[in-house]
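Here is the structure we will look at.
Worth knowing before you read on, the calculation uses all heavy atoms, side chains too, and leaves out hydrogens, waters and symmetry mates. Values in this document were obtained by computation on a predicted structure and should not be read as measured data. Below, chains carry the letters A, B, ... as their sequence lines are ordered, and counting in each starts from 1.
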Protein chains: 2
Amino acid sequence: MASKDRILRLKDDTRNNILAASIDIVKEEGWQALSMRKIADKIEYTAPIIYEYFANKDAILNELTRQGYVKLGNLMQQAISEHSDPAQQLEAMWLAYWNFAFAEKELYQVMYGVEVNCCAMQNMCPDIQKPMNMLWDKIEEIIPADKRTEEYVDTKYYTCWSVVHGLISINMTRKLTSDEMNKQVLKDAIGGIIASMK
Amino acid sequence: MASKDRILRLKDDTRNNILAASIDIVKEEGWQALSMRKIADKIEYTAPIIYEYFANKDAILNELTRQGYVKLGNLMQQAISEHSDPAQQLEAMWLAYWNFAFAEKELYQVMYGVEVNCCAMQNMCPDIQKPMNMLWDKIEEIIPADKRTEEYVDTKYYTCWSVVHGLISINMTRKLTSDEMNKQVLKDAIGGIIASMK
DNA sequence: TAAATAATCTAACACTGTTAAGCAAAGGTA
DNA sequence: TACCTTTGCTTAACAGTGTTAGATTATTTA
């Protein structure tokens, strides 16, 4: 019965191949160029077999989105482990978020809908919520107990997120700002918000 | 020769009809649903005649984008006229930006590529640059002369823009935050940045 | 070896943006 | 009035898209 396992492993392989082929195509030609037939070509099959692994094209994008959040979560975990002071940890987490957005540009695009049309963030699965929760918890930790209401944490969380995501979006759609200025804006804004929490 | 004028006016009418039909469709069914044949149906023609008025689909989106920037510019102008203090003017301008994004959600989406795929911001025509320039100039005005370098103004400009655009993007892709909190975040962040300029 | 099952492909549907060819009505000219 | 040319518009088509049904081939099981 070990052959069953081998076959299952092979099926898993082609599933991964589909996902890998997809990001390859996106990296080469952008999200708009991603088509079922192109994916099939790349994995040396015909288009219909993809539907044995994914319900439809959106399901592929959803899985890539999920994987993106997993990666982001891991990077944040690592950022935390490299500092002991909560404020420094939070800053490192946002920096990790920032770096992830450009290191995995294509994933960030599908995760946060910058220049992508698809998949309107339907299923809020745990993987997707994790990075958000990590940031939220860390902010909660920094805020002194007497100010620590859910609303206050929410406000600070969304303020930080807005700055970072906004700056990333702007950088991705048009590229005018210099790298030094990005770092400056990021440090200024995030630093200011973090300082205002205490 | 007045009949020539009438005919030209009619041509202008259908051009406008094409644009109006386009936003109508987008408002009803979203950007993804916008197709040449649907536009044609709405203006009671067949698809190919659209190409007598616009080079291709992207050209339609570009024109809508341009019109969006014109509207935004006018709203900002109005915001300025309603205050005398530069800091208050700037705050009103950002508020106008914010309100525009939700009053003309579809336009904002095509202007800033939130959940849209098309038209990668190719031709930076004056109409498009105007709102940016208005904000930039106002920020320059607020910053005291001894700090007023181009880089410093740039930094403050992008910081503000990032917060606002980020918050808008987040609100448009997922809607979790409450209206009151949005205003709070906006006022907090923008207010803070403006205060830090002086 | 024969039957049953799994794996894969071909063909098709309805849609997309876009172009070329053709028809029909209007305009100008003799 | 007759012809010609231009304009306005349509039909038909091409190549591409996501997706499904049916047929075909290969593999496993009895």
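For the residue pair B:Trp31/B:Glu106, the side-chain donor-acceptor check at 3.5 Å is not satisfied.
Under the side-chain contact (heavy atoms from CB on, under 4.5 Å) criterion, B:Asn16 pairs with B:Asp12, B:Leu19, not counting sequence neighbours. A search for salt bridge (Lys or Arg N to Asp or Glu O under 4.0 Å) contacts involving B:Lys138 returns B:Glu141, not counting sequence neighbours. In this structure B:Asp85 satisfies the side-chain contact (heavy atoms from CB on, under 4.5 Å) test together with B:Ala87, B:Gln88, sequence neighbours excluded.
A distance-only check finds a donor-acceptor pair linking the side chain of A:Gln89 to the backbone of A:Ile80 [under 3.5 Å].
Distance CG (A:Asp12) to C1' (C:dA7): 17 Å, rounded to an integer number of Å. For the pair B:Glu52 CD and D:dT7 C1', the computed distance is 9 Å after rounding to whole Å. In this structure, the CD1 atom of A:Ile49 is 17 Å from the P atom of D:dA26, given to the nearest Å. Per the geometry, CD1 belonging to A:Ile60 stands 11 Å off C1' belonging to D:dG18, to the nearest Å. One interatomic measurement links the two molecules: CD1 of A:Ile39 to C1' of D:dG18, which rounds to 11 Å at whole-angstrom precision. Look at CG on A:Leu61: it is 12 Å from C1' on D:dG18, rounded to the nearest Å.
Overall bending of the helix from C:dT1-D:dA30 to C:dA30-D:dT1, expressed as the angle between end axes built from five pairs apiece, is 30° (10° steps).
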Decide yes or no on ring pair (Phe, Tyr, Trp, His ring centres under 6.0 Å) for B:Tyr69 and B:Tyr108, but give the supporting numbers first.
CA-CA 9 Å; B:Tyr69 278 100; B:Tyr108 191 87; 9.0 Å; no
Please output the side-chain donor-acceptor pairs of residues 40-50 of chain B that fall under 3.5 Å, not counting sequence neighbours, one pair per line with the distance.
from	atom 1	to	atom 2	distance (Å)
B:Lys42	NZ	B:Glu28	OE1	3.1
B:Lys42	NZ	B:Glu28	OE2	3.2

Can you build the contact string for nucleotides 14-23 of chain C? Use B for base contact, S for sugar-phosphate-only contact, and - for no protein heavy atom under 4.0 Å.
--BBBB----
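With salt bridges taken as basic N to acidic carboxylate O contacts below 4.0 Å, none links B:Arg148 and B:Glu140.
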